[in-house]
Structures are given as structure tokens and as C-alpha cells.
Amino acid sequence: MPTLTSVLQHTAHQYRDNIAVLDSEVTYTWSEFIERVARAAGLLQNLGINRGDRYAILALNSYRQAELTYAGYWIGAIPVPINFRLAPPEIHDILEDAACKTIAIDPQFIQLLEAPELRAWNDRSFYLYPAGENNDRNYDALIANAVAVDPVDTLADEEAILLYTGGTTGKSKGVPLTHGNILSNARQIGSVWPASSEDVVLHLPPMFHSAELVKTIYMLNGAANVYLPRFEPELLLQTIEDYRVTFVLMVPIIIIVVLESGLLDKYDLSSLKQMIYGASPLPAPWIKKTFETFPGVQIAQGYGLTETAPLLTMLDHQSHVAALDSRNQKHLSSCGRPLSGVDIRIVNEQDQILPPGSEGEIVVRGENVFKGYLDRPELNAEVFREDWFYTGDVGCIDEDGYLYLKDRKHDVIMTGGEKVYSSEVEAVIYQHPDVLECAVIGIPDREYVERVHAVVVTNADSQLSEAELLDHCRKQIGGYKLPGK
């Protein structure tokens with residue numbers, strides 16, 4: 001089976017003169033990009049990183065991070081991208097848990113190394129400075145002095161990348177994903193989602209997130225890549241205009257912020273032709289507004305987990321259109337249907353398979369599903385039964401095969417003996433036109449054990465009152481599900 005290195009070589013050969021990287025600093029063709037990857041691999045070896053070793057990356061999105069990631073694949077080493085929003089003790093725990101040998105760090109995060117927990121890493125780090133910075137541990141200087149090395153002949157079932165996921169409790173858990181996991185999911189996505197060498201892909205979600213792996217299908221097809229270091233509505237829209245971006249993956253809140261920004265008419269977004277949203281549902285009114293705002297764009301939703309490399313289902317463009325054109329928009333609240341090669345079941349606490357419409361835990365299997373958390377044998381025994389992975393997500397599948405996500409199994413609010421799924425209440429609150437953002441949680445209550453509580457952000461000019469919002473909710477959900485009740 002191919003590996004991420006072998007498919008990168010194929011792409012660089014087939015599309016050698018096509019643009020691989022578009023950036024304000026540089027433009028690289030695929031042949032130039034793979035040469036830099038080979039040199040970055042030499043850089044890692046000069047730092048003592050070899051096959052099977054792990055190294056951390058703490059950085060904003062950039063082509064340098066992409067080079068370093070592929071450099072690890074090139075020599076059989078394992079990149080460990082770390083969430084830069086974490087506190088120093090949390091970063092320390094990941095570095096130690098993963099047994100990283102070095103860390104590549106952006107200049108704006110260097111101060112983190114002054115924290116007591118991370119001071120020892122000062123001498124085990126190098127910096128992703130732009131060209132021209134004078135430092136003997138400057139990435140650009142190190143790669144300029146490195147010699148390109150030949151790729152290691154890795155296997156599809158070898159670890160390619162180690163991502164960390166917080167889950168709902170405890171310390172972050174290491175999720176080793178193999179070359180085979182990532183490429184299997186790329187093929188699964190590619191069976192329903194077209195990608196070509198004409199595409200220009202915007203890397204918007206942080207690259208430490210598993211959403212970055214969704215773009216693998218574009219690498220296989222020789223698309224160009226643009227890396228956005230941070231989200232600001234103006235910067236996002238200007239980047240789409242300047243680089244003629246064709247594809248972007250966004251989380252719902254970013255879509256909502258962009259739609260509410262009042263900036264859309266100021267930019268030429270005619271190049272955009274594909275959009276995937278995910279990480280959480282997008283309420284139906286916002287889906288409708290998205291389709292109205294981007295009438296020529298193919299839009300889909302993806303649901304998955306870090307552990308599944310990452311997507312399990314897609315609500316494709318045609319399913320959106322059919323639901324919007326009908327009076328029954330039920331499917332808009334779904335995550336779509338399983339991708340080819342992904343098996344999904346809904347089971348109860350007795351591990352019995354439930355019929356359509358019944359709510360239970362979502363369990364999955366497929367070549368994209370990881371084999372277990374790093375050094376967590378007891379946890380792995382809990383989440384794997386035979387070859388099925390127990391996701392901890394609660395959902396149901398309807399008669400048409402559409403999956404509906406209800407909540408995390410351990411995040412269900414128990415109030416007065418009744419189960420309330422926060423996502424269900426949030427979906428109803430979001431249907432009010434004055435609501436910009438909301439979160440529903442359970443808070444302790446003497447009488448009911450937990451009480452449903454909603455935190456709501458309204459549009460700037462809204463006069464929405466608590467009573468009006470409760471009245472809106474009361475028309476669609478039971479009284480015991482109402483916030484504050």
C-alpha cells in the first residue's frame with residue numbers, strides 16, 4: 001500500500017511544474033517543494049531525528065510547518081503538532097508523553113519556553129523564523145545548509161503523525177495515525193468530493209487539528225496551497241481574493257462571523273467553488289444563508305474524529321440542496337451518510353445494535369480508524385471491542401441512512417431523571433434569528449441534580465430578552481429541556 005511519502009513523490013513527478021505553495025514570501029512548484037522537504041528531512045537528521053523518533057511543532061499555519069511535517073514522513077520520523085493555545089504544563093505533558101526529541105517553534109511562542117515547565121526545552125528547540133533573521137537555530141538557515149536525503153522505505157501501517165486530543169476528561173491523549181489511516185480516508189473523501197490540480201486550497205483551521213488531514217486528497221491531485229496563520233474576517237476574505245482560493249474548510253462559528261461581518265461585498269470571491277464545514281453542526285437558518293450567499297459553491301458537511309483520520313460521514317451538496325428545496329429539512333440537522341469503507345452502528349449500553357431512529361453510542365470501523373491511544377492499554381480496552389471503535393458520541397441513524405449526532409456520551413445533562421442533549425437545545429436556540437452564538441451546559445442543582453443552562457450571544461443590534469428566547473424554545477422542545485428550568 002502507498003505511504004504519504006510515495007504519494008508525495010508521485011504528485012511531485014506528475015505535477016512538477018504546477019504551483020504547490022502560494023505565499024507572500026515565496027512561490028514553490030511541486031518539484032521545488034519536494035526538494036525542500038528532502039532538505040528539511042536532512043535538517044531533522046542533523047538534529048538527531050531518525051526513523052521512529054518524534055519531534056514537536058508549535059506553530060501557526062505556514063508552508064514551513066507543511067515542509068517539516070512531510071520531512072518527518074520522508075525519513076520515517078513522527079511529527080507531533082501541538083495546540084499553541086495550551087498552557088505550559090499541558091505542552092510539557094505532551095512533549096514528555098510523546099517522548100519528543102526536539103521542538104520547532106514560531107517566534108511568537110518562544111516566551112512559552114521561559115515557563116518553568118518548559119525551560120529545559122530551550123536547548124532542544126529551533127525557530128521557524130522568516131528568511132533574514134540572524135539566528136543559528138533559524139529554520140531557513142538550517143534548511144539552507146542541510147543536504148537533501150533519500151526517503152526511507154516506510155510501510156503503510158507505520159505511525160505517520162501523532163495528534164493529541166483532549167476528550168472530555170483528564171490529560172490529552174496521543175492518537176497515532178498511520179500512513180494507511182490517512183490515505184484510506186483521503187480515498188474515502190475523494191470518492192464523493194472532487195479535487196484537482198486546478199484547485200487552490202486554503203489551510204485555515206490550525207494545522208495541529210485533524211481537519212488538516214482532510215486536505216490530503218488535494219495533495220494527491222497536485223493542488224496549490226495557501227496557509228493562513230490566523231483568522232480575521234478581512235484577512236480571510238482578502239486571501240481568497242488575492243490567491244484565487246477555490247476550497248476552504250471552516251468551522252460553523254467562522255462561517256457565521258463571516259456572514260455577519262458586512263464585508264462580503266467588498267471582496268471578489270468568485271474563485272471559491274468548494275466549502276466543507278464541520279466540528280459542530282451548522283443550524284439550518286445559517287445553512288440556508290450560506291447557500292444564498294455562495295450560490296455557486298459546492299457545500300458539504302463532514303463529521304469525524306481525530307481517531308478516524310478524520311472523516312466518517314459527509315452530508316453532500318445534493319443532500320443540502322434537496323433538503324433546502326423541500327418542506328422537510330430534517331436532513332440538514334444530520335451529519336450525512338457514512339463514507340465508502342466506513343461501517344457505523346448505534347448500540348445501547350448492553351452492546352446491542354439499535355434499530356433506525358434509536359439513540360445510542362456511535363461505534364465505527366474502517367481502514368481510517370486508528371489502532372489505539374499511545375500508551376493507554378486500559379483505555380484502549382474500553383474503547384475497542386473486536387475491531388469496532390466506541391467513539392463516545394451519542395447519535396442515531398434514520399431509515400435513509402443519515403447519521404444524527406446528539407452529544408458526547410459523558411456530556412449528557414441528567415436533569416430530574418431525564419436525559420437532555422446539549423446539542424439538541426443549542427440547535428433550537430440557534431434557530432432564533434437574533435442568536436449569533438450559544439453553548440448549553442449542565443450546572444449543579446439541589447433538586448434536579450443538574451439544570452440546563454444556556455450562554456447566548458446575540459447580534460449587536462438585538463433586543464432579545466430571556467423570556468422571548470424561552471418562549472421560542474418552548475414551542476419546539478419539552479419543558480424539562482428548557483434552560484433555567
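Sequential numbering from 1 along the given sequence is applied to the chain's residues. Since this is a predicted model, take the numbers as computed values, not measurements.
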Asks: Check whether Gln274 reaches the backbone of Pro194 with its side chain - one donor and one acceptor, N or O, closer than 3.5 Å.
Replies: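 At least one qualifying donor-acceptor pair exists.
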Asks: So, the side chain of Ser184 versus the backbone of Asn368: is there a donor-acceptor pair under 3.5 Å, distance only?
Replies: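 Not a single qualifying donor-acceptor pair exists.
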Asks: Counting N and O atoms only, with roles assigned by atom type, does the side chain of Glu241 sit under 3.5 Å from a partner on the main chain of Asp268, one being a donor and the other an acceptor?
Replies: yes
Asks: Quickly, which of Thr391, Ile397, Val363 forms a side-chain contact (heavy atoms from CB on, under 4.5 Å) with Ile344? Name it, please.
Replies: Ile397
Asks: Check this for me, if you would: do Lys289 and Glu260 make a salt bridge, where the nitrogen-to-carboxylate-oxygen distance has to be below 4.0 angstrom?
Replies: yes
Asks: Is a side-chain N or O of Tyr127 found less than 3.5 angstrom from the main chain of Ile110, in a donor-acceptor match?
Replies: no
Asks: Find the distance between CG (Leu403) and SG (Cys396) and round it off to the nearest 0.5 Å.
Replies: 7.5 Å
Asks: Out of curiosity, Leu249 CG to Tyr218 OH, how far, rounded to the nearest 0.5 Å?
Replies: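 It comes to 9.0 Å.
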Asks: Donor-acceptor pairs under 3.5 Å, side chain of residues 336-343 to any protein atom, not counting sequence neighbours: which ones?
Replies:
{"from": "Arg337", "atom 1": "NE", "to": "Asp400", "atom 2": "O", "distance (Å)": "3.1"}
{"from": "Arg337", "atom 1": "NH2", "to": "Asp400", "atom 2": "O", "distance (Å)": "3.2"}
{"from": "Asp343", "atom 1": "OD2", "to": "Arg365", "atom 2": "NE", "distance (Å)": "2.9"}

Asks: What distance separates Arg64 CZ from Ile57 CD1, expressed to the nearest 0.5 Å?
Replies: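 Between Arg64 CZ and Ile57 CD1, I get 13.0 Å after rounding to 0.5 Å.
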Asks: Can you measure from CG (Leu58) to CD1 (Ile103) and round to the nearest 0.5 angstrom?
Replies: 5.0 Å
Asks: Looking at His203, is its backbone amide N or carbonyl O close enough to the side chain of Asn61 to form a donor-acceptor pair, meaning the two atoms are under 3.5 Å apart?
Replies: yes
Asks: Out of curiosity, Gln301 CD to Thr313 OG1, how far, rounded to the nearest 0.5 Å?
Replies: 6.5 Å
Asks: Can any side-chain N or O of Trp30 pair as donor or acceptor with the backbone N or O of Thr11 at less than 3.5 Å?
Replies: no
Asks: Any idea how Phe389 and Phe370 line up, ring-wise: parallel (<30°), tilted (30 to 60°), or perpendicular (>60°)?
Replies: perpendicular
Asks: Counting N and O atoms only, with roles assigned by atom type, does the side chain of Asn181 sit under 3.5 Å from a partner on the main chain of Thr178, one being a donor and the other an acceptor?
Replies: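 Looks like yes, one N/O pair under 3.5 Å.
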Asks: Which value, rounded to the nearest 0.5 Å, describes the distance between Phe84 atom CZ and Phe208 atom CZ?
Replies: 5.0 Å
Asks: Between Asp434 and Asn459, is there a donor-acceptor pair closer than 3.5 Å when you use the side chain of the first and the backbone of the second?
Replies: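 No, the answer is negative, given that no donor and acceptor are paired below the 3.5 Å cut-off.
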Asks: Give a yes or no on whether the backbone of Ile182 and the side-chain of Asn185 come within a donor-acceptor separation of less than 3.5 Å.
Replies: no
Asks: Which residues pass the side-chain contact (heavy atoms from CB on, under 4.5 Å) test with Pro2, sequence neighbours left out?
Replies: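 In terms of side-chain contact (heavy atoms from CB on, under 4.5 Å), with neighbours along the sequence ignored, Pro2 is linked to Ser6, Val7, Leu183.
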Asks: Of the options Arg244, Lys215, Lys273, which is the one that meets Asp199 in a salt bridge (charged side-chain N to carboxylate O under 4.0 Å, His left out)?
Replies: Lys273
Asks: Verify whether one side chain among Asn225 and Tyr63 offers a donor that lies under 3.5 Å from an acceptor in the other.
Replies: no
Asks: Specify the closest pair of heavy atoms between Ala186 and Thr216, including all atoms of both residues, with the distance to one decimal.
Replies: CB-CG2, 3.9 Å
